Protein chains: 2
Amino acid sequence: MISNKSEIFPAEQQQAAVYAKALSHPARIAILRYLAETKVCITGDITEAIPLGRTTVLQHLQVLKDSELIRGDIDGKKVCYCINTDQYDEMKQLFDDLLKNINPINNCC
Amino acid sequence: MISNKSEIFPAEQQQAAVYAKALSHPARIAILRYLAETKVCITGDITEAIPLGRTTVLQHLQVLKDSELIRGDIDGKKVCYCINTDQYDEMKQLFDDLLKNINPINNCC
DNA sequence: TCTATATGTCGTAAACATACGACACGAAAT
DNA sequence: ATTTCGTGTCGTATGTTTACGACATATAGA
């Protein structure tokens with residue numbers, strides 16, 4: 001590709017885009033909701049809660065981990081996934097600012 | 001692909017994902033901000049404001065149009081892009097609800 | 001009429017996302 | 001010791017996104 005001109009945009013917009021991408025698949029939204037609901041930190045039980053194959057769920061978890069919205073800590077033989085509250089709060093703040101800054105007026109044509 | 005199991009998720013999560021996808025590239029965030037700032041409805045001047053090729057910008061505009069966050073009305077020889085305020089408000093509401101519903105507690109492991 | 005401007009469509013190349021099966025590996029139960 | 005469970009990694013097929021050049025068209029002005 002000649003692709004990936006993302007770096008030419010302001011850091012704040014890049015970061016917002018990263019979070020938006022993390023939320024851009026219903027499975028990942030479902031996973032976040034699941035993690036928030038079951039307050040215990042869960043392992044591959046997620047696979048049973050989300051109607052997708054184990055590998056696919058793992059992949060979505062990886063995407064969420066890359067965006068740092070979740071953490072995955074090894075707890076003995078199980079792995080313990082949970083929402084990264086710091087990062088999550090940062091996302092909320094960023095989105096809030098973004099949506100506040102975009103104040104459209106419907107003056108089209 | 002065996003892909004596109006998106007339909008198996010709740011409609012609300014699917015719609016949130018659609019909006020998130022629309023915001024998932026810095027160029028599209030930049031376009032939205034530009035449209036909101038320059039309160040006039042703009043045409044291909046966007047190409048000059050966004051450091052990308054004309055075709056690429058058009059493509060991003062198409063993605064935004066698909067998510068219905070913007071409209072593109074033909075106004076004589078020019079095309080007039082602007083934010084679809086109704087849809088935009090719906091997005092804000094959806095995100096607000098979503099982020100409210102995900103209330104993580106940092107009790108990891 | 002010819003030209004420039006504004007716009008759109010098509011094609012294409014490379015990268016990334018989605019979905020999953022198959023295999024690997026270590027710890028706990030039998 | 002062998003099996004099972006929880007986990008992860010690899011490979012792979014297909015679809016989507018990103019980026020852009022080349023071509024097409026229609027309108028306004030010289």
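Quantities reported herein were computed from a predicted structural model and do not represent experimental measurements. Values below: all heavy atoms of this structure, side chains included; hydrogens, waters and symmetry mates excluded.
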By ring-ring contact (aromatic ring centres under 6.0 Å, His included), B:F95 pairs with (sequence neighbours left out) A:F95
Please state how far atom CG in B:L58 lies from atom P in D:dA22, giving the value in whole angstrom units. 17 Å
Table of protein N/O atoms under 3.5 Å from nucleotides 23-25 of chain C N/O atoms:
none

Only pairs under 3.5 Å count here: list side-chain donor-acceptor contacts from residues 62-69 of chain B, not counting sequence neighbours, and write none if there are none.
unit_1: B:S67; atom_1: OG; unit_2: B:L64; atom_2: O; d: 2.8
unit_1: B:S67; atom_1: OG; unit_2: B:L69; atom_2: N; d: 3.3

Record whether the side chain of A:Q59 comes under 3.5 Å of the base of C:dA19 through a donor-acceptor pair of N or O atoms. yes
Closest non-hydrogen contact found for B:I83 with B:L32 is CD1-O, 3.6 Å
I'd like to check the side chain to side chain contact (heavy atoms under 4.5 Å, CB included) partners of B:P51; sequence neighbours left out, ordered by chain and number. A:I8, A:F9
Within this structure, what is the CD-to-P distance between B:Q62 and C:dG8, rounded to whole angstrom? 9 Å
Could you give the CG-to-P distance, from B:L23 to D:dT17, as a whole number of Å? 14 Å
Quick test of your reading: applying side-chain hydrogen bond (donor to acceptor under 3.5 Å, both in side chains), list the pairs with at least one residue in residues 45-59 of chain B, sequence neighbours left out, ordered by first then second residue. none
Which of the following nucleotides, D:dT18, C:dG8, C:dC20, is nearest to the side chain of B:K5? C:dC20
5' priority, DNA chain D, between B:V63 and B:T55 [closest heavy atom]: B:V63
Can you check the A:D66 CG to C:dT18 C1' distance for me, whole Å? 15 Å
Less than 4.5 Å apart, any side-chain heavy atom of A:V57 and any of A:L61? yes
Once you round it to whole Å, what is the distance between P of D:dG6 and CG of A:D45? 8 Å
If I take atom NZ in residue A:K21 and atom P in nucleotide D:dT16, what distance separates them, rounded to the nearest angstrom? 16 Å
B:E37: salt bridge (charged side-chain N to carboxylate O under 4.0 Å, His left out) partners, not counting sequence neighbours: none
How would you label the contact of B:L52 with the nucleic acid (heavy atoms, under 4.0 Å): base, sugar-phosphate, or nothing? sugar-phosphate
Any residue meeting salt bridge (charged side-chain N to carboxylate O under 4.0 Å, His left out) with B:D89, in chain and number order, not counting sequence neighbours: none
How close or far is atom P of C:dT18 from atom CD1 of A:I50, stated in whole angstroms? 14 Å
Whole angstrom value for the distance that separates P of C:dA17 from CG of A:L64: 13 Å
Side-chain N or O of B:H60 closer than 4.0 Å to phosphate OP1/OP2 of D:dT17: no
Does B:K100 come within less than 4.0 Å of B:D96, counting only side-chain N to carboxylate O? yes
Which angle, to the nearest 10 degrees, lies between the helix axes at the two ends of the helix from C:dT1-D:dA30 to C:dT30-D:dA1, each defined by five pairs? 0°
The criterion is side chain to side chain donor-acceptor pair (under 3.5 Å); which residues satisfy it with B:N103, sequence neighbours excluded? none
Quick note, ring-ring contact (aromatic ring centres under 6.0 Å, His included) partners involving residues 11-41 of chain A, not counting sequence neighbours, are A:H25-A:H60
Residues within residues 28-36 of chain A bordering DNA chain C, heavy-atom distance below 4.0 Å: A:R28
Looking only at side-chain N and O atoms, does B:Y81 come under 4.0 Å of OP1 or OP2 in C:dA6? no
Taking only N and O in the side chain of B:T56, is any of them less than 4.0 Å away from OP1 or OP2 of D:dT18? no
Please pick, from D:dT9, D:dA19, C:dG8, the nucleotide with the shortest atom-to-atom distance to any side-chain atom of B:H25. D:dA19
For B:D97, check side chain to side chain donor-acceptor pair (under 3.5 Å) against everything at least two apart and list the hits. B:Q93
